[in-house]
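Accompanying notes for the structure given below.
This one's a predicted model, so the numbers in the text were calculated from it and none came from an experiment.
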Amino acid sequence: EMVVDGRILGLEIDVISAAPESPIVGQTIETVEQEAKGAFFIVQLDRRAGEAVTSPTPDLLIEPGDGLVIVGRGAKARALSGLFSADPAP
C-alpha cells in the first residue's frame with residue numbers, strides 16, 4: 001500500500017503486459033482508463049523495444065507487448081487488469 005504523510009492511501013502499483021491479442025492493443029491510454037471507470041490509472045508505459053514513457057499522454061496508443069504501470073485501488077484494479085490479456089479460446 002502507498003503511504004503519504006503517514007496516511008495509507010489504499011493504492012497499489014502493478015505492472016501488466018498487453019498481450020498481442022488483448023482488446024486494449026490499438027486503444028489509447030484515455031480509452032483504457034475510461035473503461036476502468038477510475039479503478040486504475042496508467043502512470044507509465046514501457047515499450048517492448050525498451051523505451052519508457054513516463055506520464056503517457058491520453059492519445060498514446062497501446063502496442064502489443066507494452067508493459068503498463070498502473071496505480072489503482074486493490075482488488076478492483078486487479079480485477080480490471082484482465083482487460084490487458086486476451087480472452088481464452090472457447
Nearest-0.5 Å distance, CD1 of residue Ile70 to CG of residue Leu68: 8.0 Å

Leu60 side, atom CG; Thr28 side, atom OG1 - distance, nearest 0.5 Å: 9.0 Å

Rounded distance [0.5 Å steps], CD1 in Ile24 versus CD in Glu35: 9.0 Å

Shortest non-hydrogen contact from Asp59 toward Thr57: OD1-OG1, 2.7 Å

Other residues, nucleotides, ligands: >12 heavy atoms within 6.0 Å of Arg47 CZ: yes

Gap between atom CD of Gln27 and atom OG of Ser22 - 0.5 Å precision: 8.0 Å

Expected output: side-chain Glu33 to main-chain Ile42 donor-acceptor under 3.5 Å: yes

Side chain Ser17, main chain Ala19, donor-acceptor under 3.5 Å: no

Pairwise side-chain contact, Ile29 with Pro58, heavy-atom cut-off 4.5 Å (strictly under): no

Side-chain heavy-atom pair Thr54, Val43 within 4.5 angstrom cut-off: no

Single-linkage hydrophobic cluster Val53~Val25, side-chain heavy atoms < 4.5 angstrom: no

Side chains of Phe41 and Val32 in contact at under 4.5 Å (non-hydrogen atoms): no

Nearest non-hydrogen partners of Ala52 and Gln44, listed with the distance: CB-NE2, 3.7 Å

Within-4.5 Å side-chain heavy-atom neighbours: Val69 and Ile13: yes

